[in-house]
Student: 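Let me give you the structure first, and then I'll get to my questions.
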Amino acid sequence: MRMILFILIFFSCQSLFALSIDDSVKSTIANNLKVKIAFEKLNESKETIEAAIGKKLPTVTGTISGTYINNDTTSAAGVSTTPETFTDKYKISITQNIYDGGEKNLEIERSKLIYENAVINFYKTVQDLSLSAVEGYLTVINYDKSLEASKKNFDSVSRFLEEVKLKYDLGSATITELKNAESAFSIAKTNLFSAQQNYKVSLKTFKSIVGKEAINLEDYIDIDNDLNFENILSNVYKNNFNILIAQNNVKIKEIELSKEKSSNKPSLDITASSEYSDGSRIDDGTENANASIGLTLTIPIFQQNIDKSDIRKINSQILQSEIEVDDLKESLNIELSNYFKNYLISKSSLNTSLLTLEYANTLLQSTQEEYNLGTKSITDLIEAETNLLNVNVEYFNANKNYLINYFNLLALDGSLINLFEEYLPSYN
């Protein structure tokens, strides 16, 4: 089963209200403005279906008119006056299409595919932001651990420097040892400052994506690391959001072709109308009421060959869309190969870094003991401490790269969104 199981372990110093990756993504979906924009585009696209269905309904129109007439005529025989009249008229008409060659039904199917693409785009937006939230989460943890290691290294090197200064004043340390300790202190100070700045920026980035402060992040994630390239590739071809959109675009063009062919077919409309008028003088008039039902058959005979040109154009667009799907599959195959390669390399690097970290810890302990016995110099101790810091940073980076490569693989086959589906807003 490819569903990831997140097992989040609390360290004793952490708050009971620690923020997990799950919480971070949930907050991102709820608060990120890009998600809100994508959701509104989804609602906008939904209206195309309503409009397409509405075109199958009858058209009802009503008109009200009033006419006032007062006519005076002057001739050689004298003045002739026509009595004043005021005519009011009320009319209602209903027109319903009976047959259109299936064009309206095709438009409904086309609008449904457009809406489906909007849904996929919405999922893609959420997934991309979820991936950004995960990367931001891991980056904060990485820089937090690096900062912790840098502080520890700085404290140790500061202590060593004070010790060397004291020994130098007493004449038991050389100027070379003093300069080496001062150089190590300067490097440790720079490393600490760099780690502090990186951590501050990671917090700001995290908040801009997630909408929450990165406080008490849980820092252990157990993932399913038994991934198979062929299985992922098969899922990419079936579930990748870009492929699904491209395949729908082919279907949309095929429907547009059918619609264009339907435009050459006859259409039949029925119209019913009812009219009432009161043709009167100002005081006295004549009432009139009538009703009618008519059929209108429209037969396309010649449309300046525009329809044939449009058919050829859409056929070309269909071919282009099909080629785009094939090209996209090839590109995704290469992209997946790179991600999978990076995943395997980062997995190997993580194992190597873990072994190196164990060795660096052992080496520091051994050097400390030998220094206490007088068989190792303060320079050896500083080098061992600095080496441990570098190995720690390498380990944190390797762990971050490993997890990010893993989540990138999940995003590529569209399965990352499944982990956070319960947090998606309802759009039906």
Side-chain angles (χ1 to χ4, degrees), residues 25-26 28-59 96-97 99-132 235-263 267 310-311 313-329 331-332 410-428:
V25 174
K26 179 180 179 181
T28 300
I29 294 173
N31 301 313
N32 193 281
L33 296 180
K34 291 181 180 178
V35 175
K36 294 180 180 180
I37 291 172
F39 185 72
E40 288 306 316
K41 287 185 178 295
L42 193 61
N43 290 330
E44 177 186 339
S45 180
K46 188 188 299 183
E47 295 303 317
T48 61
I49 300 177
E50 298 297 326
I53 293 175
K55 289 182 178 179
K56 295 193 69 176
L57 300 175
T59 300
Q96 174 66 58
N97 176 259
Y99 176 76
D100 66 349
E103 187 173 353
K104 290 184 176 63
N105 288 331
L106 289 170
E107 179 58 26
I108 292 174
E109 294 304 313
R110 176 179 173 274
S111 62
K112 287 180 179 179
L113 286 172
I114 292 175
Y115 176 67
E116 185 177 328
N117 272 357
V119 172
I120 297 171
N121 266 317
F122 173 71
Y123 279 151
K124 185 176 182 299
T125 299
V126 172
Q127 179 170 270
D128 290 345
L129 286 168
S130 299
L131 184 60
S132 296
N235 288 326
V236 166
Y237 287 162
K238 290 187 295 184
N239 302 320
N240 180 269
F241 292 143
N242 289 329
I243 282 187
L244 294 177
I245 291 174
Q247 289 173 339
N248 276 347
N249 287 338
V250 174
K251 296 176 184 177
I252 289 172
K253 288 300 176 183
E254 290 174 344
I255 291 176
E256 289 178 358
L257 177 62
S258 298
K259 282 185 62 181
E260 189 60 39
K261 291 178 178 179
S262 296
S263 67
S267 64
D310 288 340
I311 288 174
K313 180 176 67 176
I314 296 174
N315 272 319
S316 175
Q317 291 173 347
I318 291 174
L319 180 59
Q320 292 175 53
S321 298
E322 291 172 341
I323 293 174
E324 286 175 1
V325 172
D326 293 335
D327 181 63
L328 184 57
K329 287 183 177 179
S331 298
L332 286 171
L410 295 186
L412 205 60
D413 71 3
S415 62
L416 181 62
I417 191 68
N418 296 333
L419 302 176
F420 315 112
E421 196 167 16
E422 62 180 294
Y423 305 134
L424 296 178
S426 175
Y427 55 84
N428 291 323

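Just so it is clear, the structure is predicted and the values come from calculations on it, not from any experiment. Nothing fancy with the numbering, it's 1 onward along the sequence.
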Student: Taking only residues two or more places apart in sequence, or in another chain, which ones meet Asn242 in a side chain to side chain contact (heavy atoms under 4.5 Å, CB included)?
Tutor: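 Only Lys124, Asn240, Leu328 meet the side chain to side chain contact (heavy atoms under 4.5 Å, CB included) criterion with Asn242.
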
Student: Are Leu332 and Lys329 packed together at the side-chain level, in the sense that at least one heavy-atom pair is separated by less than 4.5 angstrom?
Tutor: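 No, too far: nothing below the 4.5 Å cut-off.
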
Student: With a 4.5 Å heavy-atom cut-off, do Ile311 and Asn315 have their side chains touching?
Tutor: yes

Student: To the nearest 0.5 angstrom, please state how far the CD1 atom of Ile243 sits from the CD1 atom of Ile120.
Tutor: 11.5 Å

Student: State which residues pass salt bridge (Lys or Arg N to Asp or Glu O under 4.0 Å) with Asp327; sequence neighbours excluded, sorted by chain then number.
Tutor: none

Student: Could you report the tightest heavy-atom contact between Gln127 and Ala411, atom names first, then the distance?
Tutor: NE2-O, 2.7 Å

Student: From Lys55 NZ over to Asn97 CG, what is the distance, rounded to the nearest 0.5 angstrom?
Tutor: 12.0 Å

Student: Just verifying a value: how many Å separate Ser331 OG and Asp326 CG, rounded to the nearest 0.5 Å?
Tutor: 11.0 Å

Student: Could you tell me whether the side chain of Ser111 and the main chain of Ile108 form a donor-acceptor pair under 3.5 Å?
Tutor: yes

Student: Taking the side chain as everything from C-beta on, heavy atoms only, tell me whether Glu260 gets closer than 4.5 Å to Glu256.
Tutor: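 A side-chain contact is absent here, since even the closest heavy-atom pair is not under 4.5 Å.
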
Student: Please round to the nearest 0.5 Å and tell me the distance separating atom CD1 of Ile314 and atom CD1 of Ile255.
Tutor: 11.5 Å

Student: Take Val250 and Gln247, measure what side chain to side chain contact (heavy atoms under 4.5 Å, CB included) needs, and give me the verdict at the end.
Tutor: CA-CA 5 Å; Val250 174; Gln247 289 173 339; 5.7 Å; no

Student: Can you name the salt bridge (Lys or Arg N to Asp or Glu O under 4.0 Å) partners of Lys34, sequence neighbours left out?
Tutor: none

Student: Could you walk me through whether Glu107 and Arg110 pass the side chain to side chain contact (heavy atoms under 4.5 Å, CB included) check?
Tutor: CA-CA 5 Å; Glu107 179 58 26; Arg110 176 179 173 274; 3.2 Å; yes

Student: Which residues pass the salt bridge (Lys or Arg N to Asp or Glu O under 4.0 Å) test with Glu103, sequence neighbours left out?
Tutor: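 For Glu103 there are no salt bridge (Lys or Arg N to Asp or Glu O under 4.0 Å) partners, ignoring immediate neighbours.
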
Student: Evaluate Ile37 against Glu40 for side chain to side chain contact (heavy atoms under 4.5 Å, CB included), listing each step before the verdict.
Tutor: CA-CA 5 Å; Ile37 291 172; Glu40 288 306 316; 5.8 Å; no

Student: Is any side-chain heavy atom of Val126 less than 4.5 Å from a side-chain heavy atom of Ser130?
Tutor: yes

Student: What's the verdict on side chain to side chain contact (heavy atoms under 4.5 Å, CB included) for Ile323 and Leu319, showing C-alpha distance, side-chain angles and the deciding distance?
Tutor: CA-CA 6 Å; Ile323 293 174; Leu319 180 59; 4.1 Å; yes

Student: Just how far is it from atom OG1 of Thr48 to atom CD1 of Ile53, taken to the nearest 0.5 Å?
Tutor: 9.5 Å

Student: With Lys41 as the cation and Phe122 as the aromatic partner, state whether NZ or CZ is under 6.0 Å from the six-membered ring centre and within 45° of the axis.
Tutor: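 No cation-pi geometry.
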
Student: Less than 4.5 Å apart, side chain to side chain, heavy atoms only: is that true for Tyr115 and Leu42?
Tutor: yes

Student: Tell me, please, which residues at least two apart from Lys261 pass salt bridge (Lys or Arg N to Asp or Glu O under 4.0 Å).
Tutor: none

Student: Specify the closest pair of heavy atoms between Gln96 and Leu57, including all atoms of both residues, with the distance to one decimal.
Tutor: OE1-C, 3.6 Å

Student: Got a second to check how far Asn249's CG is from Glu254's CD, nearest 0.5 Å?
Tutor: 11.0 Å

Student: Within the 4.5 Å heavy-atom criterion, are Asn239 and Ser415 side-chain neighbours or not?
Tutor: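 Asn239 does not reach Ser415 side chain to side chain.
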
Student: Minimum heavy-atom separation for Asn105 and Lys56, please, with both atom names.
Tutor: OD1-NZ, 2.7 Å

Student: Mind checking what makes side chain to side chain contact (heavy atoms under 4.5 Å, CB included) contact with Ser258, not counting sequence neighbours?
Tutor: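 Side chain to side chain contact (heavy atoms under 4.5 Å, CB included) list for Ser258, sorted by chain: Leu106.
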
